[in-house]
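Computation of the quantities below employed the complete heavy-atom set of this structure, encompassing side-chain atoms and omitting hydrogens, waters and symmetry-equivalent molecules. Note that this is a predicted model, so its numbers are computed, not measured.
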Amino acid sequence: MTHQLSFAVALARPDFGAVGSSSTLRHLVGALLAYGLLTAVLMVVVCAAMWALASAQGNWHAASKAKTGIVVALAGAVLTGGALSWANWLLDLGATL
């Protein structure tokens, strides 16, 4: 009975060699987060332009929506930048296991 239990415990361990090199994963995560950051920055530019146009035309409802879009895009940029550093920390931590 103890032999079967020890065999089951041996099978329950993670296989760190099953995933390819962590450098490939690091490049993939970095590229995806770079696209996310680029999208957030472009949305800040688009929303700022819409805010300016809506304010100039006197459309306060559209200007309010554009201001909200800027806040959301800035929050997305901050979260994306934080996710990049968090992913790098996790990959470095995983390399030490």
> Does some side-chain heavy atom of W51 sit less than 4.5 Å from a side-chain heavy atom of S64?
Replying inline: no

> Do the side chains of L37 and L33 get nearer than 4.5 Å, heavy atoms only?
Replying inline: no

Over all heavy atoms of both residues, which pair between [X] and [Y] is shortest? Give the atoms and the distance, please.
X   : Y   : value
S55 : A63 : OG-CB, 3.7 Å
V44 : I70 : O-CG1, 4.2 Å
G36 : T80 : C-CG2, 4.0 Å

> Going only through I, L, V, M, F, W and Y residues with side-chain contacts under 4.5 Å, is there a path from L74 to M50?
Replying inline: no

